[in-house]
Amino acid sequence: MHEPLTRHTISVPPEWAPQKAIWTAWPANADEWNGDLDSPRRDVAALVRALGQSNHVRLLVGGTEAEASARAALNGAAELIPARYGDIWLRDTGPI
């Protein structure tokens, strides 16, 4: 016997809706950045510091070196979350 189908409503909030946190990730794989992690890390650090002024930022960090460099660069501007990820672009893979 089959269970009756239930309807679930999925709601994708607009960009301006209230949020609990903004998620991004720390550049950790030099191969993805043509061997240069310094430039993207400076850019992500500036982004996180700007966002962190009025938002809670959760930052994925991939590995101990990435976590240490993010901690040093951000000085508490984000909550660091150890994780495995491929690219820092989380729009299609991160939480909504």
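Remember, it's a predicted structure, so these values are computed and weren't measured experimentally.
Here the closest non-hydrogen pair linking P13 and S11 is CD-O, 3.5 Å. Shown here for V48 and A78, the closest heavy-atom pair between the two residues is CG1-CB, 3.6 Å. Considering every non-hydrogen atom in both W33 and N29, the closest pair reads CD1-O, 3.2 Å. The shortest non-hydrogen separation linking A45 to L74 is CA-CD2, 3.6 Å.
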Between E79 and L59, is the side-chain contact (heavy atoms from CB on, under 4.5 Å) condition met? List the steps. CA-CA 6 Å; E79 177 185 358; L59 180 74; over 6 Å; no
Take W23 and I81 through the side-chain contact (heavy atoms from CB on, under 4.5 Å) test and state the conclusion after the steps. CA-CA 10 Å; W23 289 76; I81 311 289; 4.2 Å; yes
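In this structure, Q19 and N55 have side chains that are in contact, with non-hydrogen atoms separated by less than 4.5 Å. Here the side chains of I22 and H56 are not in contact, with every heavy-atom distance at 4.5 Å or above. Side-chain contact between L80 and R71: present, with at least one pair of heavy atoms (C-beta onward) separated by less than 4.5 Å. The side-chain heavy atoms of L90 and L60, taken from C-beta on, include a pair separated by under 4.5 Å. Side-chain contact check for L51 versus L47: some heavy-atom pair is nearer than 4.5 Å.
Checked by atom type and distance alone, the side chain of Y85 pairs as donor or acceptor with a backbone atom of G62 at under 3.5 Å.
Under the side-chain hydrogen bond (donor to acceptor under 3.5 Å, both in side chains) criterion, S69 pairs with W26, R41, sequence neighbours left out. By the side-chain hydrogen bond (donor to acceptor under 3.5 Å, both in side chains) test, R49 pairs with no residue at all, sequence neighbours left out.
More than 12 heavy atoms of other residues, nucleotides or ligands sit less than 6.0 Å from atom CG of D36.
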